[in-house]
Each structure stands twice: as C-alpha cells, then as structure tokens.
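As the structure is a prediction and not an experimental result, all values here were calculated from the model. Throughout, numbering of the chain's residues begins at 1 and tracks the sequence.
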Amino acid sequence: MPNLYESPNEMNVTPMWCVWFYKTYWPAWWIGTILIALSWFGVVTPTVGCASLAARFVSTLGLI
C-alpha cells in the first residue's frame, strides 16, 4: 500500500553549494582559528589573520 501522505511529485534535492558548505565549514573554522593564533605570534602577517577571521565569520554561518 503506498504512503498516502507522500507527494509523488516532490523532489528533495540539496543544492551542490549547500553540500560543499556543510562539508567545509568545520575545517575552515579550525584553520581560521590556527591562522589567527599564528598572526598573534607574528608567524604570519596580520593580513592573513584578518582574512582568516573573515573565513571564520563565514563558516560560523554553518553553526547557526
């Protein structure tokens, strides 16, 4: 007996950008954290630290 509550025309396809984002936001967050810490100690330039801060802000959207 078929499921009466299931719509036969409904497709549940996740966009590729969404799949890519959810696979990469944790690594981006951790890499950003490490680069920010390295910029505090002068290992990388402050520009790299600011760019990694921006990457962390974007990756934080995946946590919401």
Under the side chain to side chain contact (heavy atoms under 4.5 Å, CB included) test, which residues partner L38, sequence neighbours left out?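 Side chain to side chain contact (heavy atoms under 4.5 Å, CB included) check on L38 returns I34, L35, V43, V44.
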
Which residues share a side chain to side chain contact (heavy atoms under 4.5 Å, CB included) with P15, sequence neighbours left out: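 Side chain to side chain contact (heavy atoms under 4.5 Å, CB included) list for P15, sorted by chain: W17, C18.
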
Identify whether W29 and I31 are in the same connected component of the hydrophobic contact network (ILVMFWY, side-chain heavy atoms under 4.5 Å).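 Unlinked, W29 and I31 end up in two clusters.
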
Quick check on the hydrophobic clustering: are W30 and V58 connected, directly or via other members, by side-chain heavy-atom contacts under 4.5 Å?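 In one cluster with W30: V58, yes.
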
Pairs in or reaching into residues 31-45: which pass side-chain hydrogen bond (donor to acceptor under 3.5 Å, both in side chains), with residues at least two apart or in two chains?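 Checked against side-chain hydrogen bond (donor to acceptor under 3.5 Å, both in side chains) - neighbours excluded - the pairs reaching residues 31-45 are T33-R56.
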
